[in-house]
Amino acid sequence: MRAGEFELINKIRRRASVGPEIRLGIGDDCSSIVVPPNYELLTSTDLLLEGVHFCLDWTDLYSLGIKSVAVNISDLAAMGAKPVSLHLAVGLPASFSDEQVEQFLNGVFAGLERYEVTLAGGDTSRSVGPLVISVTVQGFCHKDQVITRGGAGVGDDLWVSGTLGDSGLALHFLQSNRPLSAFLAARHYRPEARAVLGQRLAIENLATAMLDLSDGLSGDLRHLLNASAVGARVELERLPLSNEFKDELQMDQSLLDLALCGGEDYELLFTAKPKMRDSLEQLSVAINLPLCRIGEVTSTPELSLVMANGLIYQPRSSAFDHFGSTKDRSRE
Ligand code: ADP
Ligand code: MG
């Protein structure tokens, strides 16, 4: 038997820290956040449904808790905002034990600590069906520093953080019943939101447009290009790939599609003026996160994926179909 909902909310409330920006947190009908002068409040919501976005046979509840926070923080990072508050709405299956709820919450609180964000409210209910998680995050960004998808200009460089395709490769392994290395498991089950990078790019005015990669480089890049009414040329040999990914790619060239169309990388893709190259390389060193220049923005409104031999590459699918698109995707 699980503790009553009120008891659970009280438990959550006792664990929640309260940051200075939160005038009212858990306990009243609304939370209230004080926005500093000249700052904007940015808000994003993600829904995570068991059976649609994740599968409890494959993920543990602690990792799911952390990931529920991280994928939302990633959206704030993608606009350059500093995470401030998080609201958590959950529909808990009646079959869940107190221990299972605890494991999930332990993951959520680990994520909150990791990104220094306050749990300021939410909603708690029983679910007669699957586990339902809805997370809303809010963050601050100076009104002149918000980085949208729409600011890319012709001639800008195209940059991406970290490495691409690791999470997609992990899913590919799971499908084939192959064990995951610690590296691939971490990339898949506990992705890191690039919160510091996003904020530094905004504060230092280094990027012209940005988004986070949740559905694969080629699809997500198209969103940015459409919003900016430009095209891009990506040089495939420049794509940042982990050693583990490269090893697999050597044995099976078709895995390249995972780096282009595999989901859940949660890296940041951004455009920047060529004069910012030195500053971006310095930033990469300062925050200890690889930043890779993979191409440039063009005036012709299409996306060209160019191979080392100069020919244009066509991925087999524009959105890599991991699982008939149902299992273990945290984001749509
Ligand atoms: P109401 O009936 O007004 O929605 P609730 O009893 O649902 O109030 O919630 C009481 C307080 O607890 C509110 O401040 C709400 O934001 C907070 N809360 C409820 N569920 C959660 C949760 N899962 N995580 C964080 N805060 C929660
Ligand atoms: Mg409520």
Side-chain angles (χ1 to χ4, degrees), residues 1-35 40-56 59-77 81-140 189-193 195 330-332:
M1 248 318 268
R2 205 173 64 226
E5 256 107 67
F6 277 125
E7 214 177 299
L8 181 59
I9 294 174
N10 272 332
K11 231 172 158 178
I12 293 175
R13 184 181 183 174
R14 280 194 298 272
R15 288 182 73 170
S17 64
V18 179
E21 309 90 347
I22 315 294
R23 198 168 72 77
L24 293 171
I26 296 173
D28 220 311
D29 290 307
C30 292
S31 62
S32 179
I33 297 173
V34 180
V35 184
E40 291 182 3
L41 185 68
L42 286 84
T43 307
S44 177
T45 298
D46 263 314
L47 189 60
L48 293 97
L49 297 177
E50 180 184 352
V52 178
H53 302 100
F54 62 88
C55 167
L56 286 178
T59 184
D60 65 282
L61 286 159
Y62 180 85
S63 297
L64 183 64
I66 297 195
K67 189 168 176 174
S68 306
V69 174
V71 301
N72 276 274
I73 298 292
S74 179
D75 283 318
L76 286 179
K82 170 185 181 287
V84 174
S85 78
L86 186 142
H87 289 72
L88 171 71
V90 283
L92 299 166
S95 60
F96 261 37
S97 66
D98 287 352
E99 288 70 36
Q100 284 178 296
V101 175
E102 184 91 12
Q103 278 168 23
F104 173 70
L105 288 176
N106 286 345
V108 168
F109 278 100
L112 293 166
E113 243 171 68
R114 164 78 186 75
Y115 299 104
E116 297 177 346
V117 53
T118 296
L119 183 60
D123 206 11
T124 306
S125 171
R126 194 173 293 270
S127 166
V128 291
L131 174 60
V132 176
I133 306 164
S134 171
V135 175
T136 299
V137 283
Q138 293 182 298
F140 295 154
Y189 292 121
R190 300 191 187 175
E192 282 276 319
S330 294
R331 291 258 308 242
E332 292 275 283

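In listed order, ligands and their atoms are each counted from 1. Side chains are part of it too, since the values below use all heavy atoms of this structure and drop only hydrogens, waters and symmetry mates.
- The closest heavy-atom contact to atom 19 (C) of ligand 1, among the options G122, G25, A16, comes from G122.
- Between the side chains of R15 and N106, a donor-acceptor pair is found at a separation under 3.5 Å.
- Taking a cut-off of under 4.0 Å to the non-hydrogen atoms of D28, the atoms of ligand 1 that pass are 13 (C), 14 (O).
- Of all the atoms in ligand 1, the ones that sit under 4.0 Å from a non-hydrogen atom of I26 are 12 (O), 14 (O), 17 (C), 25 (C), 26 (N).
- Counting the atoms of ligand 1 from 1 in the order shown, those under 4.0 Å from a heavy atom of G27 are 11 (C), 13 (C), 14 (O).
- Legend: residues meeting salt bridge (charged side-chain N to carboxylate O under 4.0 Å, His left out) with R13, ordered by chain and number and at least two apart, are absent.
- Short contacts between ligand 1 and L88, defined as distances under 4.0 Å to a heavy atom of the residue, involve ligand atoms 22 (C), 23 (N), 24 (N).
- The closest side-chain donor-acceptor pair between E5 and T124, if any, does not fall under 3.5 angstrom.
- Here R114 pairs with E192 in a salt bridge; the nearest charged N to carboxylate O distance falls below 4.0 Å.
- At a 4.0 Å heavy-atom cut-off, ligand 1 touches T124 through backbone and side chain alike.
- At a threshold of 4.5 Å between non-hydrogen side-chain atoms, the residues S125 and L92 do not count as touching.
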(Q) Show, in sequence, the C-alpha distance, side-chain angles and deciding distance for K82 and E116, and conclude whether the salt bridge (charged side-chain N to carboxylate O under 4.0 Å, His left out) test is met. (A) CA-CA 10 Å; K82 170 185 181 287; E116 297 177 346; over 6 Å; no

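- For ligand 1, the atoms closer than 4.0 angstrom to any heavy atom of D29 are 3 (O).
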